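In this text, all values refer to a predicted model and were calculated from it rather than measured experimentally.
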Amino acid sequence: MNTPHPNPVIAHLGRRLRLAVIGGGPGSFIGPQHRQAARIDDRFEIVAGALSSDPQASVAAGIALGLDPQRCYPDATALLAAEAARPDGVDAVAIMTPNHLHFPQAMAALEHGLDVICDKPMTNTLAEAEALRERVQATGRVFCLTHNYSGYPLVRQARAMVAAGELGEIRLVQVEYVQGGRAKPGPGRTAWKSDPARGGASLVLGDIGTHAHQLLRYITGLEVAEVAADVGCAVPERTAHDVAGALLRMGNGARGSFWVTQAAAGMENGLRIRVSGALGTLEWAQEHPQQLHFKPLDAPAQIRTPRGPGSLPLALRASRIAAGHPEGYHEALANLYTDAAEAMAARRSGQPVDPLALHFPTEHDGWMGVRFVDAVLRSSQAGGAWTRAS
């Protein structure tokens with residue numbers, strides 16, 4: 001009897017998926033994170049790239065990464081056209097360019113028959129998000145949006161516990177994402193993010209607010225129905241938003257709060273969530289990702305850990321090493337790449353995909369994130385009036 005190949009992509013296709021990277025070149029923080037995540041589980045082979053908006057720098061950056069010089073392109077348009085003409089052309093692209101380029105580059109990749117992995121936010125405008133969502137669904141291609149925090153093992157444990165009814169009906173939700181990187185005046189390290197034409201209508205909402213919103217939806221399985229919001233600038237003389245908050249009414253009637261800022265002096269990456277149901281509460285913090293606090297009603301509090309007692313299959317799939325060994329940001333992002341790769345391979349081969357691989361954020365999540373940003377901004381402009389979000 002033949003033993004199944006341990007790598008489902010190779011089992012389906014007989015090879016790794018061929019990946020092109022667009023953006024994330026010299027000076028980028030996110031580019032190396034994506035490229036490393038793509039390789040951790042050996043589902044992808046990075047074979048082509050257009051890594052910079054400067055054509056010469058783009059080619060040079062690809063060569064510096066060890067790519068075939070013939071597959072180091074001056075821009076995304078050239079990459080897509082040339083790879084489409086190759087018998088060994090790429091299967092998918094990973095997009096990590098400034099926000100305003102996500103929409104045209106993702107649409108072009110879909111037109112060339114490619115699967116897409118895209119950094120968040122999916123688009124800068126609601127009209128673009130709706131158009132891209134419709135195009136993905138029309139083509140049947142795989143679209144993965146890299147809200148990497150949904151790849152953490154204990155975030156997936158929380159999602160599975162809520163889905164299994166361990167918290168009962170969800171009644172209260174709180175999510176916050178508190179950073180200090182823009183506590184000082186000035187545009188910050190990446191000036192393009194402060195330009196609404198490139199970064200979007202709200203810096204803080206596009207940059208980290210979409211992460212907080214997606215985490216809330218991912219764990220609870222609920223949609224935000226209405227928001228009463230306030231958005232603005234905490235640092236004097238700044239015009240790009242650095243703080244946003246909102247009261248939430250969830251689709252099932254639960255109440256909640258949302259608060260994000262990049263202007264909290266001294267803070268690092270304080271993404272935190274609390275979900276309370278009729279039977280208990282879950283709490284998770286990104287800066288301490290190896291612990292999920294579960295506080296059941298009328299029972300002792302518990303601390304869940306990756307691969308520890310009570311770990312559910314969705315969480316076990318997301319952890320690679322023995323209990324007690326920390327895993328973090330890189331591994332969480334790698335989980336999204338791995339899940340997406342298995343969905344891509346299954347689509348191309350016509351084989352079934354493991355249902356546990358289908359928990360990565362998609363074009364629907366991207367669309368909902370942009371809808372949420374739009375609702376928060378409209379509510380704030382209306383003086384905090386309750387505004388429909390879904």
Using modelled atom types only, decide if a donor and an acceptor are shared between the side chain of [X] and the backbone of [Y] within a distance under 3.5 Å.
{"X": "R238", "Y": "R182", "answer": "yes"}
{"X": "S390", "Y": "V224", "answer": "yes"}
{"X": "D91", "Y": "L17", "answer": "no"}
{"X": "D365", "Y": "T362", "answer": "yes"}

Is R388 atom CZ crowded by more than 12 heavy atoms from other residues, nucleotides or ligands, each under 6.0 Å away?
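More than 12 heavy atoms, drawn from other residues, nucleotides or ligands, come within 6.0 Å of this atom.
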What I want to find out is whether R18 reaches E45 closely enough, with some N-O distance under 4.0 Å, to be called a salt bridge.
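So R18 does not pair with E45 through a salt bridge.
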Does the pair E287/R272 count as a salt bridge with the N-to-O cut at 4.0 Å?
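Looking at E287 and R272, the cut-off is not met.
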Verify same cluster id: L282, L172 (apolar side-chain graph, 4.5 Å)
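Each belongs to a different hydrophobic cluster.
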Establish, from distance only, whether the side-chain atoms of Q214 and Y149 form a donor-acceptor pair under 3.5 Å.
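Q214 vs Y149: no donor-acceptor pair found between side chains.
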So which pairs with a foot in residues 242-283 pass ring-ring contact (aromatic ring centres under 6.0 Å, His included), sequence neighbours left out?
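Every ring-ring contact (aromatic ring centres under 6.0 Å, His included) pair that includes a residue of residues 242-283, provided the two are not neighbours, is F258-F372.
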Examine H34 together with Y337 and report whether their ring centres are nearer than 6.0 Å.
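Aromatic pair counts; centres sit under 6.0 Å.
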Ring geometry between H147 and H211 (parallel below 30°, tilted from 30 to 60°, perpendicular above 60°):
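Ring orientation, 0 to 90° scale: perpendicular.
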